[in-house]
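Heads up, the thing below is written out as structure tokens.
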Amino acid sequence: MKQTRAPHIAAVVLTVLVTALGCSSKQNPKPPTQPGKSGASPHAPGAFVNVTAHAGIDFKLENGETGKYSLVSTTASGCAFLDYNVDGLLDILLVQAGPTPDHPASTPRPPCKLYQNMGGGTFKDVTESSGIGRLKQGYAIGAAVGDYDNDGYPDIYLSGCGGNHLLHNEKNGTFRDVTASAGVGDTDKGVRWATSSAWGDYDRDGNLDLLVGHYVKWDPKNEPKCSNSAKDRTYCSPEVYPVNEGPRLYHNEGNGKFTDTTEKMGLSKVRGRCLGVLWLDYDQDGWDDAYIACDISPNLLLQNRGGKRFEEVGLMVGVAYGADAAVLSGMGITAADYDQTGWESILVTNFSGQPNSLFHAVGKGAFEDKTYESGIGFASLNFNAFGVEFIDYDNDGLPDLVCGNGHVDPFIEKIAPNTTYKERKLLLRNTGNGAFVDQTADLGDLAEPRVTRGLAAGDFDNDGGIDILDNSQNMPAALYRNVGRAGRFVTLRLEGTKSNRDAAGALVWVTANGTRSLRTVRDGSSYASTSDRRLHFGLGEAQNAEAVEVRWPSGLRQRFTSLAGDRFYLLKEGSLPVPDPLVK
């Protein structure tokens with residue numbers, strides 16, 4: 001068969017005044033002498049440097065392709081930034097796939113790898129000592145990091161094809177596989193193909209629940225054979241596989257066990273080729289909704305009806321289809337208040353020949369398509385994008401966009417002009433007027449052609465610049481340090497007390513230079529990946545954040561004023577902000 005792709009609350013309000021709080025760090029730079037300005041790129045070309053070798057990271061993602069062109073091999077794999085030992089330094093998890101599930105079970109399989117951040121820009125491979133190296137992980141695709149038992153240590157959920165795994169953090173540097181006792185193995189309906197997953201507290205009971213996306217029904221023994229227009233054997237289009245899968249929702253009972261509430265919550269009839277999963281309160285009613293990017297099927301927006309059920313409203317609010325009402329190939333997903341209106345817009349990455357979709361939030365749960373008007377559409381048209389995050393890479397206060405690209409068809413250059421298998425990343429700078437520009441001058445080593453799948457963002461060296469982690473197929477993983485940040489910043493680590501301890505779902509508005517911007521705490525985003533849970537706000541020229549407002553998942557609201565810039569803070573629910581004790 002020829003390969004085809006369609007073009008594709010009543011809340012308590014606590015207001016306090018906090019003046020000039022700060023936290024010094026050997027890793028923190030002095031305030032910049034040339035702070036950034038909105039709409040400008042004030043730093044030298046080449047903002048990102050590949051520091052993988054210096055960091056001591058030695059990992060190669062193997063997708064298992066052996067010439068059979070099993071579709072599953074196109075979807076591996078994600079990555080994560082996490083502070084697994086709670087020392088204030090972001091560690092790295094790289095998800096490994098290995099032989100595809102049609103191989104015999106006895107086939108040797110390389111493990112996922114965990115790297116401990118040792119400070120000074122270096123990492124130590126702790127895969128074996130952590131227990132992850134001994135895990136029979138199967139064909140792993142995604143990683144969602146969240147503290148599901150509220151013990152202060154992040155746990156890991158690995159999703160994949162043929163079974164998922166929940167790894168409990170034992171607080172001593174090791175992880176224990178608790179999948180069976182927790183009831184989240186996802187194996188009760190045969191070989192299920194799970195992609196991205198994310199943690200969020202949908203009923204606001206203080207415990208993180210789990211949403212798992214599934215792709216298609218796949219039989220490894222009956223993989224169809226497909227070819228492209230040049231008659232090369234290649235991967236089949238997802239259209240060859242029926243859309244008879246959908247998301248699965250696990251409710252956290254608070255005792256280490258989960259209950260499958262997919263049917264109870266109205267999701268059993270929801271269908272789609274799910275690839276990207278994200279929790280967001282799109283209408284700001286206090287209840288976490290979920291958005292799922294789907295491949296050649298409409299994207300899904302699951303509206304939370306007071307923690308009692310979900311209703312699919314993607315078509316109604318205008319986020320189900322791409323530009324010109326086309327069904328596109330949604331893969332990665334992120335959300336941000338990119339235009340400082342106080343509402344989060346949604347960005348979905350798509351297949352080459354299709355633009356990445358920007359659904360602009362106009363407030364009160366409504367969206368409008370700004371794909372081409374923003375400049376994102378034309379900039380992304382020739383790229384095949386998976387991992388994606390909004391990041392304020394130059395700290396000017398405006399969220400920019402980084403997209404990890406790489407095709408699925410190794411022969412694409414034969415049949416599609418201006419398209420390649422390995423592709424550079426897109427760094428789209430926010431100009432401050434609702435538009436983005438392809439900032440090639442600041443790519444630095446992000447210009448390296450790769451076959452990116454997983455992409456995570458975080459400040460691994462606590463210097464106030466957001467760095468990038470990349471997991472690419474059949475290539476060494478890459479860590480890119482941001483060396484070009486210009487403006488000031490504040491970084492906020494939230495800790496829930498009545499809310500879930502991760503504060504996943506908390507909304508935070510920061511006012512600087514008279515402009516108010518929103519960020520959300522998340523445990524899972526991009527494509528099959530998890531980024532730094534801490535919230536990073538660029539301040540531009542401002543010396544401090546004039547105001548910080550928090551709406552906790554519990555409904556509690558707090559407001560603080562005058563937080564000094566170039567500092568890391570801990571915001572504990574119901575308490576005053578303090579210098580983050582984990583950042584030394």
Side-chain angles (χ1 to χ4, degrees), residues 78-81 142-145 195-200 211 213 274-282 288-294 299-301 314 319 322 328-340 343-350 355-361 367 369-371 374 376-377 379-380 383 385-393 398-405 425-430 436 446 452-458 466-471 504-505 507-508 517-538:
C79 56
F81 277 122
V145 178
T195 51
S196 296
S197 57
W199 297 95
L211 183 65
C274 308
L275 284 177
V277 176
L278 185 81
W279 290 100
L280 79 165
D281 185 3
Y282 82 96
D288 265 1
D289 315 294
Y291 188 86
I292 301 177
C294 296
N299 298 322
L300 304 170
L301 179 59
V319 295
L328 302 182
S329 297
M331 291 180 277
I333 181 174
T334 186
D337 177 19
Y338 76 90
D339 56 350
Q340 300 175 323
W343 296 83
E344 286 195 311
S345 300
I346 299 170
L347 190 287
V348 179
T349 60
N350 292 307
N356 292 344
S357 299
L358 178 63
F359 300 109
H360 174 249
F367 293 86
D369 193 302
K370 292 285 188 179
T371 297
S374 66
I376 291 174
S380 61
F383 294 91
F386 277 84
V388 61
E389 286 291 7
F390 276 108
I391 62 169
D392 185 0
Y393 80 98
L398 297 168
D400 312 295
L401 193 64
V402 59
C403 304
N405 305 307
K425 288 179 178 58
L426 276 174
L427 182 63
L428 300 174
R429 183 172 57 83
N430 190 335
F436 293 79
L446 291 182
T452 300
R453 293 298 182 261
L455 182 147
I466 298 300
D467 312 300
I468 302 297
L469 177 66
D470 173 288
N471 203 12
L507 305 185
V508 179
S517 300
L518 169 67
R519 305 281 192 277
T520 299
V521 179
R522 291 195 170 91
D523 286 343
S525 58
S526 183
Y527 171 73
S529 299
T530 302
S531 292
D532 191 348
R533 186 176 61 82
R534 300 175 299 182
L535 299 183
H536 171 268
F537 289 84

So which atom in M331 and which in A293 form the shortest heavy-atom distance, rounded to 0.1 Å? N-CB, 4.0 Å
Work out which heavy atom in A336 is nearest to a heavy atom in P399; give both atom names and the distance. CB-CB, 4.3 Å
First locate atom CG of L428, then atom OG of S374, and finally report the distance between them rounded to the nearest 0.5 Å. 8.5 Å
Do side-chain atoms of N471 reach the backbone of G78 as a donor and acceptor pair under 3.5 angstrom? yes
Plane angle bin for F436 and F390 - parallel if under 30°, tilted between 30 and 60°, otherwise perpendicular: tilted
Sidechain-backbone polar pair: D337 side chain, L518 backbone, donor-acceptor under 3.5 Å: yes
Non-hydrogen atoms of A457 and I466 that approach each other most closely: CB-CG2, 3.8 Å
Check whether any side-chain heavy atom of V521 sits under 4.5 Å from a side-chain heavy atom of L535, and report yes or no. yes
Answer whether the closest heavy-atom distance between the side chains of Y282 and F359 falls below 4.5 Å. no
Any idea which heavy atoms bring S380 and I376 closest together, and the distance? OG-O, 2.8 Å
Would you please test F537 and D392 for side chain to side chain contact (heavy atoms under 4.5 Å, CB included) and show each step? CA-CA 7 Å; F537 289 84; D392 185 0; over 6 Å; no
From W199 atom CH2 to D288 atom CG, the distance as rounded to the nearest 0.5 Å: 14.5 Å
Can you confirm whether L401 sits close enough to L358 that some side-chain heavy atom of one is under 4.5 Å from a side-chain heavy atom of the other? no
If you round to the nearest 0.5 Å, how far is CG of D289 from CG of L300? 13.0 Å
S357 versus N350, side-chain donor and acceptor atoms under 3.5 Å: yes
Out of curiosity, Y338 OH to N430 CG, how far, rounded to the nearest 0.5 Å? 8.0 Å
L275 versus T195: any side-chain heavy-atom pair under 4.5 Å? yes
Does the side chain of S526 come under 3.5 Å of the side chain of E389 through a donor N or O and an acceptor N or O? no
L301 CG to Y291 OH distance, which is reported to the nearest 0.5 Å: 7.5 Å
Looking at S345 and A361, what are the two nearest heavy atoms and their distance? OG-N, 2.9 Å
Please step through side chain to side chain contact (heavy atoms under 4.5 Å, CB included) for the pair T520 and L280, ending with a clear verdict. CA-CA 8 Å; T520 299; L280 79 165; 5.9 Å; no
Would you call R522 and S531 a side-chain contact if the rule is heavy atoms closer than 4.5 Å? no
Do F383 and T349 come within less than 4.5 Å of each other through their side chains, counting heavy atoms only? no
Is any side-chain heavy atom of S525 less than 4.5 Å from a side-chain heavy atom of L278? yes
Under 3.5 Å, is there a donor-acceptor pair between the side chain of W279 and the main chain of G505? no
Criterion side chain to side chain contact (heavy atoms under 4.5 Å, CB included) against V388, the qualifying member of N356, T334, V402: T334
Does some side-chain heavy atom of I468 sit less than 4.5 Å from a side-chain heavy atom of I391? yes
Would you compute the distance between atom CG of L455 and atom SG of C79 and round it to the nearest 0.5 angstrom? 6.5 Å
